[in-house]
Amino acid sequence: MISRIDLRGDALPEGGALRDLLPRAEFDVEAALEKVRPICEDVHHRGTAALIEYAQKFDGVTLEQVRVPAAALKTALDELDPAVRAALEESIRRARIVHRGQRRTEHTTQVVPGGTVTEKWVPVERVGLYAPGGRSVYPSSVVMNVVPAQEAGVESIALASPPQKEFGGLPHPTILAACALLGVDEVYAAGGAQAVAMFAYGTSGPDGCPPANMVTGPGNIWVAAAKRYFTGKIGIDTEAGPTEIAVLADSTADPVHVAADLISQAEHDPLAAAVLVTDSAELADAVEKELEPQVAATKHVEDRIKPALAGKQSAIVLVDSLEDGLKVVDAYGAEHLEIQTADAAAWAARVRNAGAIFVGPWAPVSLGDYCAGSNHVLPTGGCACHSSGLSVQSFLRGIHIVDYTRDALAEVTHHVVTLAEAEDLPAHGAALKARFGWKVPTQ
């Protein structure tokens, strides 16, 4: 059901050589880019008409308008299962606690007497958020995108989710209910690359969508390719690839827990990655044995879980020691990393590369997906070595405010003039000399 990679016996290679030994899904965004390019440009030129046509082509629905009526949002919330509403409200409450604590404050540094640099944090003006609607419905992704944007102070928030045939061309009602709970009333029935293009270019008309400064949210390869296409025109969070879990475990780990957690990620998608890294062959055997009955007892077995576990992106990786295991998980840079070892907190503190780290047996990834308070929009495909998950900071821009007096400028002018002339940019120095009668102030 799942393959093994045995890295025992020899010294582990470094850097890229180690990464090349580890399982990873194939996710060719560059190839998809050529297919989404004409879709994006069609939305640019035809706007809402193109969105309606793509809804018919890709989603099998006939739309009269793309923007979701306010009445549909209210109805979705009114008809939401009370238990689901309570769970969403608790997810929102916990997410707000965590994300509110992330908000940076203005800070002023006195560099010299009379010379200060202040860094102020300004939210982007408008964001377009994407909530997937393909194999599963993800109201949790609505929470994870909207809450940090709101806590950052973004004034204009719009959300897009694919139209659903079974709901009359509207996005899934649980998506709409989550938007209503969060106070987001600008919602569009649009999916895939065309939704990203709608946010990037904007559309006109009575239910048109003004262009956004930034687009965030997970999606399929077409969403990722569209984000790449618009990089430079709009801000993006990340090109999200297939979801991943890595578990670093030793002989103290419970194989029932480990197997359940691997399966929980595998049920997302046939390309989802489930990786166990362990120095215990006995644990590896027990987990492999435990997978079969747990898989047989759940849903989505043939179309998602079995292909995901059997795919080249999933494996049990055997190492000589937890030290080697730490090197492996750092090289892998998982979206979600569980540490199920003795003294798990100490090992977690040493991890450098992970989207989010889950410590010990009582902090499974599923908790983070919904109600830990953390954000589940995280870097995939090894990008955790250079990128962070979605947070309040994602929606803020740092702006430096430079304030110098005449004396403070005079004190440093000779250095500025020297550096300008060293770079053969004499006009830079002249801009300071002009303020002092074209003479460099005497030190």
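FYI, side chains are in, hydrogens and waters are out, and symmetry mates aren't considered; it's all heavy atoms of this structure.
- In this structure, Ser3 contributes its side chain and Ser314 its backbone to a donor-acceptor pair below 3.5 Å.
- Counted within 6.0 Å of CD on Glu155, heavy atoms from surrounding residues, nucleotides or ligands total 12 or fewer; the atom is thus considered open.
- Between Glu239 and Arg228, at least one side-chain nitrogen of the basic residue sits less than 4.0 Å from a carboxylate oxygen of the acidic one, meeting the salt-bridge criterion.
- Taking the six-membered ring where the residue is Trp, the centroids of Trp362 and His257 are separated by under 6.0 Å.
- Taking a cutoff of 4.0 Å between a charged side-chain nitrogen and a carboxylate oxygen, Asp324 and Arg8 do not qualify as a salt bridge.
- There is a side-chain donor-acceptor pair under 3.5 Å between Thr216 and Asn145.
- With respect to the salt-bridge test (charged N to carboxylate O, under 4.0 angstrom), the residues Arg103 and Glu151 do not qualify.
- Salt-bridge annotation for Glu89 and Arg85: present, with a side-chain N of the basic residue lying under 4.0 Å from a carboxylate O of the acidic one.
- Salt-bridge annotation for Glu119 and Arg104: absent, with no side-chain N of the basic residue lying under 4.0 Å from a carboxylate O of the acidic one.
- Here ring-ring contact (aromatic ring centres under 6.0 Å, His included) pairs that include residues 43-79, with residues two or more places apart or in two chains, are His44-Tyr201, Tyr54-Phe58.
- Using a cutoff of 4.0 Å between basic side-chain nitrogens and carboxylate oxygens, Glu79 and Lys74 are not scored as salt-bridged.
- Annotation: cation-pi geometry satisfied between Arg24 and Tyr332 (NZ/CZ under 6.0 angstrom from ring centroid, within 45° of ring axis).
- At a threshold of 4.0 Å, the pair Lys327-Glu14 does not count as salt-bridged, since none of the basic side-chain nitrogens sits closer than that to a carboxylate oxygen.
- The pair Asp285-Lys289 does not meet the salt-bridge criterion, since no charged nitrogen lies less than 4.0 angstrom from a carboxylate oxygen.
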